[in-house]
Amino acid sequence: MWTVVGFLGGGIVGLVLVLPRLRFLRPRRVLACDLCQRRHRRLLVAMVLLAALSVTGFGLRASQKARELPACVADVSISEGRRVIDPQVPRRGSLRSTVRSVLTAPVSGLALAFAEVRGRGLCSVGDPPITLAFVPQSKDHPGSMVGEVFLSSPTPRINPVRAAMLARHESRHVDQWAVCSTIGGIGLLPVAYLVDSTVYPGSENHFEQSAGLDAGGYAPPPHPPVGPRPWAVAFWVAVVLVIGRRRIRWAVRTLVRRHSTHAPDRCPVHTPGWT
Ligand SMILES: [Zn+2]
Ligand SMILES: [Zn+2]
């Protein structure tokens, strides 16, 4: 039961985090340490919430898939719910696209829920099909791929060649969503993208590079490169240090005393004192 929650909530990482905390696998030191117990409960609560969010998203996506969406047709602009990609009626997806659909369904469903609140309609384009949702966004950005749902914003007319290129680019983002959701649940890609784009801004972003800069409407990366930006690296290192401070303390103390130590009612990690 917890393995399912762990996987739904945090993908493979969630599984790895939850498994050692199962009652029969939990080390005795964790049972003895009340801080570990509290941490353990918090983690399980977070996993339950994330898993619930994933299941909700999956359900929303499944119910939306059940109603046939109109194909995105006409030729004016993304904003009016018109064509972005060849207006061919989607064929039956390949196995690969089916797997991808299932893996990205939770986040696609959440994007649809968002579009339902903020948006102005949905349609389906391309092969494998992606769903276009029209929501007001910033003007200079063509849109964001969230799972298999492209949240698009008002843009000027785009021609069919550009549209096909953009579709290829966004399709690569769907692959990224599928892989990241499997590894770390629905939250991994946004976090990884955020970290990457602070360290490597704009065209140097690795997710955009792997999706194809040109097709995505990005300029070629600058010379000399801007990233890695020192302040961003320093910031994320600081974040990791803050998160891992107790383990660092434990490591330092173990090095100083040359053996692991702990207070009687605490595990080594939660024992205070640096020396
Ligand atoms: Zn502890
Ligand atoms: Zn992109």
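Ligands are counted one by one from 1 in listed order, and the atoms in each one are counted from 1 as well. Since the model is a prediction, treat every value here as computed from it, not as a measurement.
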Novice: Determine whether the side chains of Arg249 and Thr271 contain a donor N or O and an acceptor N or O closer than 3.5 Å.
Specialist: no
Novice: What angle, in degrees and rounded to 10°, do you get at the Zn ion (ligand 1) when you join it to SG of Cys33 and to SG of Cys267?
Specialist: 120°
Novice: For a quick test of your reading: what N or O donor-acceptor pairs under 3.5 Å do the side chains of residues 189-200 make, sequence neighbours left out?
Specialist:
residue	atom	partner	partner atom	Å
Tyr193	OH	Glu208	OE2	2.6
Asp196	OD1	His206	ND1	2.9
Asp196	OD2	His206	N	2.5
Asp196	OD2	His206	ND1	3.4
Ser197	OG	Tyr193	O	2.9
Ser197	OG	Leu194	O	3.2
Thr198	OG1	Leu194	O	3.3
Thr198	OG1	Val195	O	2.7
Thr198	OG1	Trp236	NE1	2.7

Novice: With rounding to 10 degrees, what does the angle His169:NE2 / the Zn ion (ligand 2) / Glu208:OE1 come to?
Specialist: 90°
Novice: In degrees, rounded to 10 degrees, what angle do His270 atom ND1 and Cys36 atom SG make at the Zn ion (ligand 1)?
Specialist: 110°
Novice: Please say which of Arg42, Arg41, His40 ends up in a side-chain contact (heavy atoms from CB on, under 4.5 Å) with Leu44.
Specialist: His40
Novice: What pairs of residues pass the salt bridge (charged side-chain N to carboxylate O under 4.0 Å, His left out) test when at least one of them lies in residues 175-194, not counting sequence neighbours?
Specialist: Arg96-Asp175, Arg100-Asp175, Arg172-Asp175
Novice: Relative to the Zn ion (ligand 2), which of the N, O or S atoms in His173 is the closest?
Specialist: NE2
